[in-house]
Amino acid sequence: MSSEPTPSSSGPESFPHRYSAALAGRIEALWQDRWDLVDAYRAPNPGEAGFDGSRPKKFVLDMFPYPSGVGLHVGHPLGYIATDIYARYLRMTGHNVVHAMGFDSFGLPAEQYAVQTGTHPRITTEKNIANMRVQLRRLGLGHERRRSVSTTDPEFYRWTQWIFLQIYHAWYDVEAGRARPIRELEAMLASGERAPRGEKPWSVMSALERASELDAHRLAYVDEVPVNWCPMLGTVLANEEVTADGRSERGNYPVYRRPLKQWIMRITAYAERLLQDLEPLDWPEPIKLMQRNWIGRSEGAEVEFGVPDTKGAQSIRVFTTRPDTLFGATYVVLSPEHALVDSIVTQEWPAGGAIPAPWRGTFPGAPQGGFTSPKNAVAAYRAYASKKSDEQRTGGGTEKTGVFTGAYAINPVTGKQVPIFIADYVLAGYGTGAIMAVPAHDDRDFEFARTLQLPIRDVVYPRPIAAMRYFALHAYPTGEAAPDWRDQLADFMGITTSNASKDEAWDVMLPIVLNRRSRAGAMRGVELDAPGSIGERRGAVRSIWVETIDSLGLRSFDDLRARFEEARFWEARGEAHTEPGIAANSSGPSITIDGMTTGAAKHAVGEWLAREGVGRPTVTFKLRDWLFSRQRYWGEPFPIVYDEWGRAHALPEKMLPLLLPDLEDFRPESSDDPDAPPRPPLARASAWTTVELDLGDGKRTYTRETNTMPNWAGSCWYYLRYLDPTNQNALVGKDVDSYWMGGTSGKIGGVDLYVGGVEHAVLHLLYARFWHKVLFDLGHVSTAEPFQTLFNQGYIQAFAFKDARGVYVDAFEVRLPDGALAMEHQDKPGPYTYSGEPVTREYGKMGKSLKNAVAPDEICAHYGCDTMRIYEMAMGPLEASKPWNTRDIAGSFRFLQRVWRNLIDEQTGLSRVTQDAPTRATLRVLHKTIIGVRRDMEKLGFNTVVSKLIELNNHLSELPAVPLEAARAMILMLAPHAPHVSEELWHRVVRGGTPDEREARETIVHEAYPIADESLARDDEVEIPVSVLGKLRSKIVVPAGSSAVVIEAAARADAKIAELIAGKEIKKVIVVPGKMVNFVV
RNA sequence: GGCCCCGUGGCGGAAUGGCAGACGCAGCGGACUUAAAAUCCGCAGCCCGUAACUGGGCGUCCGGGUUCAAGUCCCGGCGGGGCUACCA
């Protein structure tokens, strides 16, 4: 940075009032103090003094930061600057705007930083928050101070705990489609309106049984489930916090699946609504898609496969999205963890050795020739599978493994026996943890069947193959088609007719027969090879097809027929056919679906299953319930205690907040032993964990829950607290909520603009929607969704440099061959050197660890924060990721300097605008700019706003002196982007005198934004391009608003055009008034 | 493997289907200056031609298509990025 050309080098003596970095700094400090003093950003709530309910409201929100110890780099505030500009614009256009900033200060980062520095997290958190406040204030961000919250503040987390209790005391009424208080369920059970899940009626249940019946319905519940246990972090993690290769998102430590007793939130109850309510939200489509994928709704059916040999004739319930392929289910697979495995596995291999060898076990570690009994094989395979999932599942080509259980199930539709396997490609957590395998029509089943030598049966054919099959089996069932069967088949398929629908059949059939993925590609190949008439093309198609038949090994008609009779067409194809088609080989004793399309067949089988009582159509979701407890210190304590029998009791509201106890040693117990048990740090606070309470039945001794909540808890609802930060009676007052969150018509979400990075697409944004919906159902908030409009800002990226060992080096010391600093000349390619050693450049994130971070404080000191704000916006569209280039900042700085110089005398510091009225031309430029800038502001196009203001200023700088009217409008338009210099100019130029003479409240923050006069923006005459045959040939000038007739006449009169069209027949003339003329000759 | 997004000068980027490259950085030329910085004015996609121009051609990753007109819409390919990954 030291080699930056110093912008203030002109020296104060020559231009004492030039807009230098030093002057910018003074102006910025002055106005930041003054804005604080007058509470400039205060937005009164309904009922408060100064509230004006006639103005429309806007809630502009940032994803709040966690206060890290390392400080900000210039990438962090990008979104904050954008929302600040937008909020300032909205204030100036007559809106009540709530805009605040809080701190997400519980959780792993704060705790890890505390552990590193050996300081209590409360201390480090407070210090970091204070630090961050200073950094953010320095950027001139107009946040309302009184609304700032911190999730670690007991007055805040009191309500986090309160919301937890609301969720705990609620259940999901599926019929009503919403959450309801648990006591309503209790009342319904007591009155007999609802029956308990089991056999036993409510009236004869013991208190304990009743409690557990209720517990089973709660939206927050305790359960022992396989969870992601990370011994190095000493905590369990949510699925969302584990990366694809089985490591922790934070710290990248190994994660193991372990069954542990944990708090869980029943987010799955909301799966359907979380999916449906995405539709009306104004969110980026990719984010919606990511949420849809995460929720993962799939329609299908459950099917019962009876297992007759077991005691009590149990059955295996499988889930399939393809019930139409039930006839092709040639085996059943359970996940290794499936509950039924133990009861079905047999002592001996059945039928004394008649089973294929691979069924006995061929997975790594299995003995040569397989195991001696299913029992051994299953036990060994289970051990193998659980160990395997412990290691990171190295992505990609995973060999299918599994073993036969010795047992058979009955395919309900065929009545035939199918073998039951266990295999780890079936997941315990999805669907029913068991599948029916249809190898002919599922890639995974196909692979497994090939490996274990299981039967494969085609039951769905692509349409053309279905037609071939019909030809083979029915049109010429006895083989009389030979020897010219291929021609006959061609005729049968319609190649020689001119029927259009047959052409269409070809389009579909050919690529499939050719086994090509790309239909259009295949067709083009044919078209290119076959010039001439349709008939000739068909001839070419036919010969290609005949060749194809040969290449598939179909030597004779009988061959073809045999292939279809045995339902082994997959052999020729060599892979599963997973696309829809026509059902075949699908006739059973009580149902046939042969000839049906896949859609119709699904429906028919679903109905049949329900009718026969062996299944039903169902919907399954990928979304799992949300693991909500962590074995960490720095989190919200659960307002839960356990009695001597280990039953959970909720604390009453009046005992909130339940304070996090101070601990000497707050460190988690980390271990590299995967079997180390979780030990929450709070368990060591013995004085805290054991407590005497009266929960309604006298004083008793209880033990507190020692887990804490995940750091998502606070971020699930913080935006609501911004609205009513000091409310003692509710998390947010009803009037306050309905005003600020209140939906405009057609909107279901409350926040009008929410800006943040994509990394929260499925974590924070899904959890927050879930909590908000529960609060909505229980009547605590007025909108069904929290965030109506979401905007994903891009990232500021940067170059980083690595030496030969792969270690990052200080990017700002890397040099080019000519000795220049590489970061100052980013458009120059290498080679690069660092202390004489060669280094390589890479492009990506900015960060301390990459040694390429630029701190906003540096930039503010060097240019002022207004310049930094302008630059960050001018870099490009907000949603795009773009490279930081310190050198480019000069352009933004020069822009502000030129604005200043245009309006202020650099010698005297006084205004140099003129009171003269602006010329027609200046007014035109001005009002065009207002129109354009307003349009860009509305769509968050802050980069093009800067361009337009530069253009306006460039125009004004050509004038001898800037007219006041134009200066005034330009200052107002500049105010959202560069509030400090605009405020200063406002006072010096528009209001006159020095700032100190002004009554403090009259700040530009609440001035009205300029309004364009369309008539002034209109041109007198316009230049119109004239093209001939789409090529630009000349330009004409006509009065604005000329009719098409006038424009065309002028275009014909143009010398050059006249020459070009002379003697040619003009087929068509396109005239778009005000835009262009095109002659088609 | 599946799904999604993106490819425009030396660089960041503009462009409701209607003059591609606004605006800025870097660059070049000039003015001012003893000189430099700063500032101001001008040039600037590539190729060819001209004394000059308001001259000609090619240009938004590549190949097709739709259209009077395509950076923009459609199909196919190549390249880059993101998400997801045995979800039955």
Side-chain angles (χ1 to χ4, degrees), chain A residues 5-11 14-15 18 244-245 284-287 289-290 292-294 296 298 300 318-322 325 333 393 395-398 400 423-427 429-438 442-445 447-448 518 520-521 524 620-624 758 761-762 824-829 870-871 874-877 880-885 887-892 894-895 897-898 901 906 935 941 943-944 946-951 954 957 1023-1032 1034-1035 1055-1056 1067-1072 1074-1081:
Chain A
T6 308
S8 54
S9 60
S10 51
S14 48
F15 296 109
R18 171 162 289 186
D245 54 350
E285 204 49 44
I287 301 295
L289 195 67
M290 282 164 72
R292 279 189 208 110
N293 289 343
W294 192 265
S298 56
V318 304
F319 174 72
T320 178
T321 54
R322 291 293 299 275
T325 61
V333 188
R393 283 201 305 260
T398 42
K400 293 278 180 296
D424 65 0
Y425 82 92
V426 174
L427 307 177
Y430 182 74
T432 60
I435 61 153
M436 64 179 216
V438 186
D442 181 277
D443 291 325
R444 296 150 303 184
D445 296 344
E447 207 188 312
F448 188 76
S518 153
R524 170 153 39 255
T620 299
F621 295 91
K622 274 203 275 187
L623 184 71
R624 312 295 156 78
V758 263
V762 284
E824 306 272 329
H825 302 273
Q826 300 194 351
D827 48 334
K828 298 219 175 79
I870 295 271
Y871 171 64
M875 284 172 79
S881 288
K882 51 241 158 185
W884 178 266
N885 191 355
R887 193 203 274 203
D888 285 353
I889 301 171
S892 299
R894 287 204 276 256
F895 162 53
Q897 267 189 328
R898 281 200 303 271
R901 192 179 299 124
E906 293 188 322
R935 194 174 49 226
N943 53 328
T944 46
V946 175
S947 299
K948 288 183 171 76
L949 291 178
I950 292 174
E951 285 177 287
N954 285 350
S957 68
E1023 192 183 55
I1024 293 180
V1026 183
S1027 31
V1028 178
L1029 273 175
K1031 262 196 193 321
L1032 176 69
S1034 186
K1035 290 174 184 177
K1056 198 159 169 209
K1067 297 197 184 98
K1068 205 169 175 183
V1069 185
I1070 315 285
V1071 182
V1072 182
K1075 288 277 189 204
M1076 47 69 62
V1077 181
N1078 189 15
F1079 289 94
V1080 185
V1081 294

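Labels below follow one simple rule: chain letters A, B, ... track the order of the sequence lines, proteins then strands, and each chain is numbered from 1.
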Determine the contact category for A/S1034: base if any of its heavy atoms lies under 4.0 Å from a base atom, sugar-phosphate if only primed atoms, P, OP1 or OP2 are that close, otherwise nothing. nothing

Among B/rU39, B/rG12, B/rC83, which is the nearest nucleotide to the side chain of A/P883? B/rG12

If only side-chain N and O atoms of A/K1056 are considered, is one of them under 4.0 Å from the OP1 or OP2 phosphate oxygen of B/rG56? yes

Could you tell me which nucleotide pairs with B/rC58 by Watson-Crick or G-U wobble geometry, both distances under 3.5 Å, or answer none if nothing does? B/rG45

Pick base, sugar-phosphate or nothing for A/K1068, based on heavy-atom distances below 4.0 Å to the nucleic acid. sugar-phosphate

By the 4.0 Å heavy-atom rule, please label A/N885 as base, sugar-phosphate, or nothing. nothing

Step-by-step side chain to side chain contact (heavy atoms under 4.5 Å, CB included) determination, A/N1078 to A/K1068: CA-CA 8 Å; A/N1078 189 15; A/K1068 205 169 175 183; over 6 Å; no

Do the numbers put A/K400 on top of the ring of A/F448, so that NZ or CZ is under 6.0 Å from the six-membered ring centre and no more than 45° off the axis? no

Nucleotide nearest A/R898 (side chain, heavy atoms from C-beta), chosen from B/rA14, B/rG24, B/rC83: B/rG24

Out of B/rU39, B/rA22, B/rA69, minimum distance to the side chain of A/E951 belongs to B/rA22

Taking the side chain of A/T944 as heavy atoms from C-beta outward, which of B/rA14, B/rG13, B/rC19 is closest to it? B/rA14

Looking only at atom P, what distance separates B/rC74 and B/rA22, rounded to whole Å? 27 Å

Does B/rC83 pair with anything, Watson-Crick or G-U wobble, both distances under 3.5 Å, and if so, with which nucleotide? B/rG2

Would you mind classifying the nucleic acid contact of A/N943 as base, sugar-phosphate or nothing, using non-hydrogen atoms under 4.0 angstrom? sugar-phosphate

Please pick, from B/rA22, B/rA88, B/rU84, the nucleotide with the shortest atom-to-atom distance to any side-chain atom of A/W294. B/rU84

Please classify the nucleic acid contact of A/I1070 as base, sugar-phosphate, or nothing, using heavy-atom distances under 4.0 Å. base

What is the nucleic acid contact for A/T620, judged by heavy atoms within less than 4.0 Å: base, sugar-phosphate only, or nothing? nothing

Students often get this wrong, so: under 4.0 angstrom with heavy atoms, is A/K1035 touching a base, only sugar-phosphate, or nothing? base

Check every strand shown and say whether A/K622 touches a base, only sugar-phosphate, or nothing at a heavy-atom separation below 4.0 Å. base

Where A/D888 and A/Y871 come nearest, the two heavy atoms and their spacing: CB-CE1, 3.6 Å

Between B/rC11 and A/R887, is there an OP1 or OP2 to side-chain N/O distance shorter than 4.0 Å? no

Identify whether the glycosidic angle of B/rG49 places it syn (within 90° of 0) or anti. anti

Pairing nucleotide - B/rG24, Watson-Crick or G-U, each distance under 3.5 Å: B/rC11

Apply the test salt bridge (Lys or Arg N to Asp or Glu O under 4.0 Å) to residues A/R887 and A/E824: give CA-CA distance (whole Å), side-chain angles for both, the deciding distance (0.1 Å), then the verdict. CA-CA 6 Å; A/R887 193 203 274 203; A/E824 306 272 329; 5.1 Å; no

With sugar-phosphate meaning primed atoms plus P, OP1 and OP2, does A/V426 contact a base, only sugar-phosphate, or nothing at under 4.0 Å between heavy atoms? base

Look at the side chain of A/D888 and decide which nucleotide, out of B/rC68, B/rG24, B/rA88, has an atom nearest to it. B/rG24

Taking the side chain of A/P286 as heavy atoms from C-beta outward, which of B/rA88, B/rC25, B/rC4 is closest to it? B/rC4

